[in-house]
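Reading through the structure tokens given below for one structure.
Predicted model only: the values in this text are computed from it and were never measured.
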Amino acid sequence: MDVRDLTAVEIADLLDAAWRADQGEALSGPDQETRTYLADRLGCDEDLRAEAWAAWREELIADGRSLDEAEYWLDVVVVQPCPEDRPTED
């Protein structure tokens, strides 16, 4: 899946699918390559991360799911530091 040009809403849909899979609510979510790309992209683009979170947050509220758990998962499990910001080994 080519995810380079996805909108924030489309990214929110992928995040929701990944979250449901990780929570055991769905059999499968995005593949590992897609997850890695999303993690890097959201880690490097704070505005996109905020837009995607806002879109996904609306879905979570509508479904009556936990915002705190989902936001923690997004910030700690999914989003990775931008490659340029990662420490390098000397």
Side-chain angles (χ1 to χ4, degrees):
M1 166 184 273
D2 186 3
V3 294
R4 288 177 283 193
D5 297 321
L6 293 179
T7 67
V9 171
E10 292 167 327
I11 290 172
D13 290 341
L14 283 174
L15 291 172
D16 192 62
W19 166 255
R20 288 177 184 267
D22 287 2
Q23 298 302 307
E25 297 176 22
L27 295 177
S28 66
D31 61 34
Q32 190 58 48
E33 182 179 352
T34 301
R35 286 176 178 243
T36 299
Y37 178 79
L38 286 175
D40 288 344
R41 186 162 179 215
L42 294 174
C44 291
D45 189 336
E46 290 182 31
D47 292 336
L48 179 61
R49 185 234 171 264
E51 290 174 32
W53 169 244
W56 187 31
R57 186 176 181 276
E58 290 180 24
E59 289 181 43
L60 293 166
I61 290 170
D63 290 345
R65 295 186 290 160
S66 172
L67 295 178
D68 290 338
E69 289 177 21
E71 189 171 28
Y72 177 84
W73 174 84
L74 177 61
D75 290 342
V76 175
V77 176
V78 176
V79 174
Q80 300 297 314
C82 191
E84 297 87 56
D85 297 335
R86 291 182 188 150
T88 58
E89 295 181 28
D90 292 329

Q23 and R65: side-chain contact (heavy atoms from CB on, under 4.5 Å), yes or no, with the steps? CA-CA 12 Å; Q23 298 302 307; R65 295 186 290 160; over 6 Å; no
Given the rule in the side-chain contact (heavy atoms from CB on, under 4.5 Å) test, do L15 and E59 qualify, once you have shown the distances and angles that lead to the verdict? CA-CA 11 Å; L15 291 172; E59 289 181 43; over 6 Å; no
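With hydrophobic clusters built from ILVMFWY side chains whose heavy atoms lie under 4.5 angstrom apart, W73 shares a cluster with I61. When the side chains of ILVMFWY residues are joined at heavy-atom separations under 4.5 Å, either directly or via intervening members, V77 and Y37 end up in a single hydrophobic cluster.
In this structure, D16 pairs ionically with R20, as a charged nitrogen and a carboxylate oxygen lie closer than 4.0 Å.
Across A52 and A12, no two heavy atoms sit closer than the pair O-CB, 3.6 Å. Residues E51 and A8 come closest through the heavy atom pair CB-CB, 3.6 Å. When all heavy atoms of S28 and A21 are compared, the pair lying nearest together is C-CB, 3.8 Å.
Atom CG of D63 is surrounded by more than 12 heavy atoms from other residues, nucleotides or ligands within 6.0 Å. Taking a 6.0 Å sphere around CD of E46, one finds it holds 12 or fewer heavy atoms contributed by other residues, nucleotides or ligands.
Exactly one residue among L38, I11, L74 makes a side chain to side chain contact (heavy atoms under 4.5 Å, CB included) with R49. That residue is L74.
Here the CG-CG distance, from D40 to D45, works out to 12.5 Å after rounding to the nearest 0.5 Å.
Residues L14 and W56 form no side-chain contact, since every pair of their non-hydrogen atoms from C-beta on lies 4.5 Å or further apart.
When atom types are taken as modelled, the side chain of R57 and the backbone of L67 share no donor-acceptor pair closer than 3.5 angstrom.
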